[in-house]
Amino acid sequence: MRSKELAVTRQLCLAIVLSLVGSGLAQQSPPAEHSSHAASHAAPSADEVWNSLMSGNGRFVAGKPQTHALVALRHQLASGQSPKAIVLACSDSRVGPELIFDQSLGDLFVVRTAGNVADAVALGSIEYAVDHLHSPLLIVLGHQACGAVSAACSGEKMPSSNLDAIVERINPAVNQAKTYAKGNDLIESAVKENVHQSAKDVLANSEIIRTAVKSGKLSVIQAEYELDSGKVVRLNSPASSQN
Ligand SMILES: [Zn+2]
């Protein structure tokens with residue numbers, strides 16, 4: 001009898017535990033950050049993100065930006081972020097990524113350095129967004145008439161080692177541009193070469209980013225912002241985004 005009672009008790013306990021677990025799971029809503037991550041995994045793809053950013057840039061060029069319910073958005077985002085893209089851009093005050101892509105709070109994970117150079121701190125910041133926030137797209141964004149690139153083109157000695165650190169990273173791009181461009185064309189060509197250089201540095205110096213690209217989790221798009229037209233122009237084809 002005792003062993004029978006014990007078996008019944010065990011079954012009852014198991015039933016109670018299962019029912020508790022079941023009801024607990026049913027009532028438990030996922031944390032906001034987790035649920036937003038799940039949404040980002042499901043979609044959108046890097047191409048879809050790029051297309052939506054291009055639509056935003058079109059609105060910016062046309063002077064017809066979207067209005068955003070910033071207070072509601074701020075509250076919604078307080079529990080977590082899931083930015084759709086990472087942008088490595090120049091610190092230039094005329095090149096604010098949220099403005100030129102007509103995006104809002106929580107949309108872009110932005111890393112800005114003069115000359116959009118990818119130093120260790122910039123790389124670490126991008127790695128965080130790739131590894132923890134799972135953004136599917138990295139845009140390396142240069143711009144017309146970049147002061148940092150112009151400084152590197154001038155060949156002048158910089159007044160500090162910190163400024164030198166920026167110019168040294170841009171110099172390979174300038175040297176490349178000098179093989180085919182001169183005079184007024186040099187800076188513009190060097191700007192484009194510097195975008196290529198930064199994109200190359202990102203992959204060469206970060207195993208996390210390299211692995212994400214190889215596994216198809218991250219695409220890298222190179223682009224240039226035109227100060228006069230307001231347009232963002234893609235510099236690389238999708239096929240060469242991993243190079
Ligand atoms: Zn610049």
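First listed ligand is number 1; within each ligand, the first listed atom is number 1.
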### Query
When you measure from the side chain of Arg210 to the backbone N and O of Leu203, does any donor-acceptor pair fall under 3.5 Å?
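Here the side-chain-to-backbone pair exists.
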#### Entry: Backbone N/O of Asp92 and side chain of Arg112: donor-acceptor pair under 3.5 Å
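Flag set: sc Arg112 to bb Asp92 pair under 3.5 Å.
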### Contact summary for Leu186 and Ala181, nearest pair of heavy atoms
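Residues Leu186 and Ala181, closest heavy atoms: CD1-O, 3.8 Å.
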## Note on the structure
Scanning both residues in full, the closest heavy-atom pair of Ile126 with Val111 reads CG1-CG2, 4.1 Å
### Query
Quick one: how many protein N/O/S atoms are under 2.8 Å away from the Zn ion (ligand 1)?
3
### Close side-chain approach of Leu105 to Leu70, heavy-atom, < 4.5 Å
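In contact.
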### Other residues, nucleotides, ligands: >12 heavy atoms within 6.0 Å of Asp228 CG
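Yes - once you tally the heavy atoms of other residues, nucleotides and ligands closer than 6.0 Å, there are more than 12.
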